[in-house]
Amino acid sequence: YGTVTGVQTCALPICLLAVGYERKSSMQIGALQPLRRMEREGLVDLYHVEPESASPAALEGADAVLVLRAFEDVTLPLLDAARGKDVPLVASWDDDFLSIPPGTPIGDFYNHPSVVRAIRRFLSESSLVVASTPPLFARSAEHNDQVMEAIYGLRSEEHTSELQSQFRI
């Protein structure tokens, strides 16, 4: 890391640890595809692990961590390690897991007390929370002051006019 006229900069490429379920379309569209493009452009060194492999040891050498949707007990040690080593951790989500009603297998999973605790910890303790919609932004802001609204990895406010010019609704 260095400084340029008082602004902190970092050497490129940045080593980014991405944690999430590769088989999920959200991980592909919202993280892996854009990050692999950035890797080809020399902006990041990308290292992806599935949540069950996201141990504190996976953090070794990472400049930052992105956790997409994997807010679970199995990834909490990584959150603790990132905070302990002062490595920025970005939590990104595109579904409001806290509003899924119980009574179905997925609803029962997200309403389990340990999962609710893990979700709330990621939302409140991450360096930044990325939310995919305005309602999810509002939910995220209940837990963290550092929240950004993005649509599949794009900052919404920067791309709204570009998207509107390409599509007619």
Side-chain angles (χ1 to χ4, degrees), residues 1-95 97 118-119 121-134 136-137 140-141 143-166:
Y1 293 94
T3 58
V4 177
T5 60
V7 176
Q8 186 175 19
T9 62
C10 58
L12 293 177
I14 294 171
C15 183
L16 178 66
L17 172 61
V19 179
Y21 295 101
E22 188 170 13
R23 70 184 187 280
K24 298 286 187 183
S25 59
S26 295
M27 188 67 183
Q28 290 294 323
I29 296 167
L32 293 179
Q33 289 178 6
L35 290 171
R36 286 181 178 140
R37 179 177 180 187
M38 292 174 68
E39 186 172 41
R40 286 190 303 273
E41 294 172 0
L43 299 173
V44 299
D45 277 335
L46 176 63
Y47 178 53
H48 168 256
V49 297
E50 293 289 313
E52 59 274 0
S53 300
S55 68
L59 190 62
E60 190 63 38
D63 297 310
V65 179
L66 169 66
V67 177
L68 195 136
R69 296 178 56 106
F71 312 149
E72 304 166 15
D73 284 341
V74 70
T75 52
L76 284 175
L78 181 69
L79 173 65
D80 293 333
R83 289 176 48 95
K85 293 183 177 189
D86 208 25
V87 174
L89 187 142
V90 177
S92 179
W93 63 334
D94 57 0
D95 286 310
F97 304 129
I119 292 167
R121 281 201 56 206
F122 270 97
L123 293 177
S124 64
E125 297 177 29
S126 294
S127 306
L128 174 69
V129 177
V130 177
S132 64
T133 64
L136 207 50
F137 178 95
S140 302
H143 301 276
N144 198 316
D145 293 334
Q146 301 299 313
V147 181
M148 179 180 89
E149 181 186 332
I151 301 171
Y152 290 109
L154 302 174
R155 289 192 57 189
S156 300
E157 65 274 12
E158 291 180 6
H159 298 283
T160 301
S161 61
E162 179 183 329
L163 290 171
Q164 287 175 340
S165 69
Q166 294 177 12

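Keep in mind that this is a model prediction, so the values were computed, not measured.
The minimum heavy-atom distance linking T75 with V19 is given by the pair CG2-CG1, 4.2 Å. Across all non-hydrogen atoms, the minimal contact from L46 to L32 is CD2-CD2, 4.2 Å. Looking at every heavy atom in both residues, L76 comes nearest to A118 through CD1-CB, 4.0 Å. The two residues S126 and L89 come nearest to each other via the heavy atoms OG-CD2, 3.3 Å. Closest heavy-atom contact between G20 and A70: CA-CB, 4.4 Å.
Take D95 and apply the salt bridge (Lys or Arg N to Asp or Glu O under 4.0 Å) test, not counting sequence neighbours, and it matches R69. Legend: residues meeting salt bridge (Lys or Arg N to Asp or Glu O under 4.0 Å) with D73, ordered by chain and number and at least two apart, are absent. Remark: Q28 engages no residue in a side chain to side chain donor-acceptor pair (under 3.5 Å) (not counting sequence neighbours). In this structure, the side chain to side chain contact (heavy atoms under 4.5 Å, CB included) partners of S124, at least two apart in sequence or on a different chain, are H143. Partners of E72 according to the salt bridge (Lys or Arg N to Asp or Glu O under 4.0 Å) rule, which considers only residues two or more places apart in sequence or in another chain, do not exist here. Residues passing the side chain to side chain contact (heavy atoms under 4.5 Å, CB included) test with S92, sequence neighbours excluded: L66, L68, V130. For F97, the ring pair (Phe, Tyr, Trp, His ring centres under 6.0 Å) partners two or more places apart in sequence, or in a different chain, are W93, Y110. Looking at residues two or more places apart in sequence or on another chain, you find a side chain to side chain contact (heavy atoms under 4.5 Å, CB included) between P56 and P77, A81. Annotation: side chain to side chain contact (heavy atoms under 4.5 Å, CB included) contacts of V87 (sequence neighbours excluded): L59, V65, A82, K85.
Remark: the backbone N or O of L136 is paired with a side-chain donor or acceptor of T133 at under 3.5 angstrom. In terms of modelled atom types and a separation under 3.5 Å, the side chain of S127 and the main chain of V90 share no donor-acceptor contact. Formation of a donor-acceptor pair under 3.5 Å by the D45 side chain with backbone atoms of P13 is not found in this model.
In this structure, V67 and L79 have side chains that are not in contact, with every pair of non-hydrogen atoms separated by 4.5 Å or more. V129 places none of its side-chain heavy atoms less than 4.5 Å from the side chain of F122. Inter-residue side-chain proximity for E149 and P134 is flagged as met; some heavy-atom pair is nearer than 4.5 Å.
L43 CG to L35 CG: the interatomic distance, rounded to the nearest 0.5 Å, is 10.5 Å.
Residues in residues 30-39 take part in these side chain to side chain donor-acceptor pair (under 3.5 Å) pairs, two or more places apart or across chains: E22-R36, R37-E41. Pairs engaging residues 48-58 under the salt bridge (charged side-chain N to carboxylate O under 4.0 Å, His left out) rule: none recorded [sequence neighbours left out].
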